[in-house]
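Have a look at the structure below before the remarks.
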Amino acid sequence: MKVSLNYKNVLKFVSEEEIKNNEKATLVALDTLLNKKGAGSDFLGWIEYAKNYDKEEFARIKKAAAKIHANSEVLVVIGIGGSYLGAKAVIEALKPYFCQKKDLEVIFVGNNLSSTYVAELLAYVKNKDFSINVISKSGTTTEPAIAFRLFKELLIEKYGIAAKERIFATTDKAKGALRELSTTEGYETFVVPDDIGGRYSWFTAVGLLPICASGIDIDELMKGANDAYNDCKNTPYLENSSLLYSSIRNLLYQKKKCIEVLVNFEPKLSYISEWWKQLYGESEGKDHKGLFPASLVYSTDLHSMGQYIQDGMRIMFETILNIQNPETDFTLKSEENNLDGLNFLSGVNFDSVAKKAMQGTILAHVDGGVPNLVLEMEKMDAYHLGYLLYFFMFSCGISGYMLGVNPFNQPGVENYKKNMFALLGKPGYEELRKKLLERL
């Protein structure tokens, strides 16, 4: 498999025998997932999507991305949760840290309620050529709906009737406010599949249009995801990194390890962690169950959170995402005066320092009582990233069924929305508003 699992540093906490004995429960969960026997089975369209995706829409995505490239300096992507995190994660992971040439800038909005952020972005794009990709199944989710109003107004003010040629809507195929508006105004539209939830939707039009517009090869992304599907489905248990990852994290949970910390040594992967946190948090956090997904970037966070990981409450384990070959590397040189005492590193590749830091950290944390899993991947490119994201989704489905929850709904997310609507005075929420005001 293109993602390999090294679990030798959990064997002080979970035995080989326990892992082998957990095969039956893991395979039952696998059967439940693949044969759509469990709760949420109507949201399993993602399983074979990388093989069965709409090729005509895929071609339109490429054409729209080329059009945006040709006439825009900025693509403003409006969405929240699964409507932005996947695309943001892929773009952040695969694009350079610093732009070396003029390229399309992809900026995300509608994912927070910061008036300062929105105002500054409106001012930033006002004098630039820009297009909008608004992503919402309903068109009425508060954060993106407000953002769309504001940026659509600016677009119309700037381009007049031609503004509609710069608006691309990713929404429900048949119904909803955004679908109705798109039909009325003549926006080009792409489909949010009915049977794929937001956090599983990065490789649908939800994520692919901004990803493609940024210049990333979406064919390679889909190929990686499809290969991961085949590998995760067909590889025997003791050789299957996805099944073993699901199995071991559940065994650790049973041993009261209730926090999983996803760790990487590459800051470009920070939004992979953010996407992963939504994936596992929304999928497993139900019925007062589930591992709490957290994330850290080492070695940066070793100088802030390292003390707690080493000596704090023993309620966590770490899953380290290790990219074996960095995109670029360089060799350290010696200095004549050697005042910093680092000449012993002369001739050493910089990435080797990071790898030794990783190994030293694992050994220290295991000695401190923190189990460590290592997920290893050869390199970070579009193919391998597509593989990794699918790997996590597949593992999440297995793990959720092993936990005994529906991995494909998110009922708790609606609670804050009802309260917010009531406090804002939305019609129909009068009684709730009275009750909430009494509590404030």
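Every value quoted in this text rests on a predicted model; they were computed, and no experiment measured them.
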Looking at every heavy atom in both [X] and [Y], which two are closest together, and how far apart are they?
X	Y	result
Pro193	Thr204	CG-CG2, 3.9 Å
Ile135	Val206	CD1-O, 3.3 Å
Trp276	Pro293	CZ3-CB, 3.5 Å
Ser214	Ile211	OG-O, 2.6 Å
Cys212	Ile61	CB-CG2, 4.3 Å
Gly110	Ile80	O-CB, 3.5 Å

Euclidean distance, [Y] [atom2] relative to [X] [atom1], rounded to 0.5 Å:
X	Y	atom1	atom2	value
Glu318	Ile309	CD	CD1	5.5 Å
Leu181	Ile167	CG	CD1	7.5 Å
Leu44	Thr32	CG	OG1	10.5 Å
Leu279	Met393	CG	CE	7.5 Å
Ile398	Leu244	CD1	CG	11.5 Å
Ser201	Asp195	OG	CG	11.5 Å

Worksheet item: Relative to each other, are the rings of Phe108 and Tyr84 parallel, tilted or perpendicular (30° and 60° limits)?
Response: tilted
Fill in: Whether Tyr298 and His365 hold their rings parallel, tilted or perpendicular, with breakpoints at 30° and 60°
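Perpendicular, since the angle between the ring planes exceeds 60°.
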Ignoring hydrogens and geometry beyond distance, is a side-chain donor-acceptor pair present between [X] and [Y] at under 3.5 Å?
X	Y	result
Ser72	Asp129	no
Ser399	Glu284	yes
Ser241	Ser4	no
Ser114	Thr116	no
Asn226	Tyr49	no
Glu18	Asn22	no
Tyr7	Asn372	no

Hey, is the main chain of [Y] close enough, under 3.5 Å, to the side chain of [X] for a donor-acceptor pair?
X	Y	answer
Ser246	Ser395	yes
Arg199	Gln278	no
Arg166	Ile132	no
Thr171	Lys137	yes
Tyr387	Met377	no
Thr235	Cys232	no
Lys256	Arg314	no
Asn240	Ser242	yes
Lys286	Ser283	yes
Asn133	Phe168	yes

Looking at [X], I'd like to know if its [atom1] atom is crowded, meaning that more than 12 non-hydrogen atoms belonging to other residues, nucleotides or ligands lie closer than 6.0 Å.
X	atom1	value
Arg149	CZ	no
Leu424	CG	yes
Lys417	NZ	yes
Lys126	NZ	no

Worksheet item: Could you go step by step and tell me if Glu180 and Lys175 meet the salt bridge (charged side-chain N to carboxylate O under 4.0 Å, His left out) rule?
Response: CA-CA 7 Å; Glu180 182 179 345; Lys175 63 183 185 298; over 6 Å; no
Worksheet item: Could you walk me through whether Lys434 and Glu430 pass the salt bridge (charged side-chain N to carboxylate O under 4.0 Å, His left out) check?
Response: CA-CA 6 Å; Lys434 290 178 184 178; Glu430 290 81 8; over 6 Å; no
Measure from NZ or CZ of [X] to the centre of the six-membered ring of [Y] and say whether it is under 6.0 Å with the direction within 45° of the ring axis.
X	Y	result
Lys55	Tyr53	yes
Arg249	Phe317	no
Lys152	Phe148	yes
Lys418	Tyr429	no
Lys164	Tyr187	no

Any heavy-atom pair between the side chains of [Y] and [X] that's under 4.5 Å?
X	Y	result
Leu423	Leu440	yes
Ile320	Met358	yes
Leu252	Val14	yes

Worksheet item: Stepwise, does the side chain to side chain donor-acceptor pair (under 3.5 Å) test hold for Glu105 with Tyr124?
Response: CA-CA 12 Å; Glu105 190 174 5; Tyr124 179 74; 2.8 Å; yes
Discussion item. Using the rule given for side chain to side chain donor-acceptor pair (under 3.5 Å), can you reason through Asn250 versus Gln254, listing the C-alpha separation, both sets of side-chain angles and the distance that settles it, and then say yes or no?
Written reply: CA-CA 6 Å; Asn250 273 272; Gln254 292 168 23; 5.5 Å; no
Item to complete: Determine, stepwise, if the pair Lys173 / Asp194 fulfils salt bridge (charged side-chain N to carboxylate O under 4.0 Å, His left out).
Response: CA-CA 8 Å; Lys173 64 182 178 182; Asp194 289 333; 3.6 Å; yes
Fill in: Test log, rule ring pair (Phe, Tyr, Trp, His ring centres under 6.0 Å), inputs Trp275 and Tyr271
CA-CA 6 Å; Trp275 170 84; Tyr271 265 90; over 10 Å; no
Discussion item. Please confirm whether the ring centroid of Tyr390 lies under 6.0 Å from the ring centroid of Trp46.
Written reply: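 Yes; Trp46 has its ring centre under 6.0 Å from that of Tyr390.
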Worksheet item: Mind checking whether Phe394 and Tyr229 have ring centres under 6.0 Å apart?
Response: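 Centroid separation for Phe394 and Tyr229: 6.0 Å or greater.
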Practice prompt. Would you sort out whether Asp287 and Lys289 count as a salt bridge (charged side-chain N to carboxylate O under 4.0 Å, His left out), showing the intermediate values?
Written response: CA-CA 5 Å; Asp287 305 328; Lys289 297 178 181 179; 5.1 Å; no
Discussion item. So that I can tick it off, tell me whether Glu165 and Lys67 are bridged by a salt bridge, with the cut-off set at under 4.0 angstrom between side-chain N and carboxylate O.
Written reply: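 Salt bridge: yes.
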Discussion item. Please determine whether a side-chain nitrogen of the Lys or Arg among Asp219 and Lys62 lies less than 4.0 Å from a carboxylate oxygen of the Asp or Glu.
Written reply: yes
Fill in: Sole residue of Leu243, Thr26, Val10 in side-chain contact (heavy atoms from CB on, under 4.5 Å) with Ile248
Val10
